[in-house]
Number of protein chains: 2
Amino acid sequence: MAASDILKPESLAKVLSEHGVRPTSQRETVYQSLLNKRTHPTADEVFARVRETAPTISLATVYNCLDVLVQNKLVRAVNFERAPTQYCANLAPHAHFHDEAGRTLDIEMPTEVIDQLRDLLPDDFDVKHIEVNFHGRAPQND
Amino acid sequence: MAASDILKPESLAKVLSEHGVRPTSQRETVYQSLLNKRTHPTADEVFARVRETAPTISLATVYNCLDVLVQNKLVRAVNFERAPTQYCANLAPHAHFHDEAGRTLDIEMPTEVIDQLRDLLPDDFDVKHIEVNFHGRAPQND
DNA sequence: GAACAGAATTGGAATAATTCCAATTCGCAA
DNA sequence: TTGCGAATTGGAATTATTCCAATTCTGTTC
Ligand SMILES: [Mn+2]
Ligand SMILES: [Mn+2]
Ligand SMILES: [Zn+2]
Ligand SMILES: [Zn+2]
């Protein structure tokens, strides 16, 4: 599912179902908004986006939908320091680069590198999740 | 500066000065409390610790001291998801393992691995900081 | 097709970590 | 001793997020 993918409402619902998420119009709208524009928006930004197509949706529902999507692994929650949580629909294993200008970029992480990181831990550690965040300056256009 | 180091008040003050931190009794107490017990405490936990030796210190001051120590690179701030910030006096480059039971452990990270991570980025990215967090289950005694 | 039941949504209140602020106190230097 | 900028303090404010109770949906059973 690349950034350019355009999903018909039907297939959107199917994707949700297949991941154990009961498809409601709110969940579809929220998910769609993340697929359409991959800028790692906050809950507030998602709220602003979805209001245009679903003007009666509430912020609480946006939080609910995002939680459900994250719990069912359709979306990743990304945190930088104490900033509001950002949401990411890129399911490939990847790191995040947090630009000083505020942009958040996906950084591909080959399995090889992930394994290297996992090897830093003693064997009797059970790793559920590895998170890699870069901070710095990214060139203007990328 | 290992966990077992015991600093005389004088050398404590000197360390602060050398890092550009004007040594005040509150800053010394806060820093000492982080050096003494390397459990990655939150600001509240630091507050509880330092109250025993400095009963009149305020929570605002604890936050101020921690900020100053972090800004002057004597202490690292560690964040997991949306949990309260934890503080770490280990200056060696290292990752963090967040145990499901709540413990936070330091994981050594060789320069080699850090370089490998840095290499994931295009050359025109200017990296200020790399953060690696593991989540999972760690064996009981380690 | 009505009725029911569980799930989802909603608006608003509550929570809690952190920051802000204005007043006081501190510590060094003149 | 006095002056002055910096640090500390207590309490109020902020704000992302969670909680809650009431309402609305949705899918199923009669
Ligand atoms: Mn940043
Ligand atoms: Mn955790
Ligand atoms: Zn991402
Ligand atoms: Zn640490």
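Below, chain A is the first sequence line, B the second, and so on; all start at residue 1. Computed from heavy atoms alone, side chains included, the values below leave out hydrogens, waters and symmetry copies.
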Can you give me the N/O atom pairs linking the protein to nucleotides 4-7 of chain D at distances under 3.5 Å, or say none if there are none?
from  : atom 1 : to    : atom 2 : distance (Å)
D:dA7 : OP1    : B:R27 : NH1    : 3.3
D:dA7 : OP1    : B:R27 : NH2    : 3.2

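- Taking every heavy atom of both residues into account, B:L117 and A:F134 meet most closely at O-CZ, 3.5 Å.
- Residues B:I107 and B:H94 fail the side-chain proximity criterion, which asks for heavy atoms closer than 4.5 Å.
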- Where do B:L59 and B:D44 land on the side-chain contact (heavy atoms from CB on, under 4.5 Å) test, with the steps shown first? CA-CA 8 Å; B:L59 179 57; B:D44 264 330; 4.0 Å; yes

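- Atom P of nucleotide C:dC26 and atom CD1 of B:I57 are separated by 14 Å, given to the nearest angstrom.
- Between the side chains of A:Q86 and A:T104, at least one donor N or O lies within less than 3.5 Å of an accepting N or O.
- If you measure from atom CZ of B:F47 to atom P of C:dA17, you get 13 Å, rounded to the nearest angstrom.
- Put simply, CD1 on A:I130 and CZ on A:R118 are 4.5 Å apart, with the number rounded to the nearest 0.5 Å.
- Looking at B:L34 and B:P41, their side chains come closer than 4.5 Å, going by heavy atoms from C-beta outward.
- Map B:S25 and A:S58 each onto its nearest nucleotide of DNA chain C; the residue landing nearer the 5' end is A:S58.
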- Using the side-chain hydrogen bond (donor to acceptor under 3.5 Å, both in side chains) rule, take A:R82 and B:N79 through it: C-alpha gap first, then chi angles, then the decisive distance, then the call. CA-CA 8 Å; A:R82 310 214 55 71; B:N79 285 284; 2.7 Å; yes

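- Relative orientation of the B:H96 and B:H40 rings is perpendicular, given thresholds of 30° and 60° on the angle between their planes.
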Distances under 3.5 Å only, N/O to N/O: pair up the protein atoms with those of nucleotides 15-23 of chain D.
from   : atom 1 : to    : atom 2 : distance (Å)
D:dT17 : OP1    : A:T85 : N      : 2.9
D:dT17 : OP1    : A:T85 : OG1    : 2.9
D:dT17 : OP1    : B:R82 : NE     : 3.2
D:dT17 : OP2    : A:Y63 : OH     : 2.6
D:dT17 : O5'    : A:Y63 : OH     : 3.4

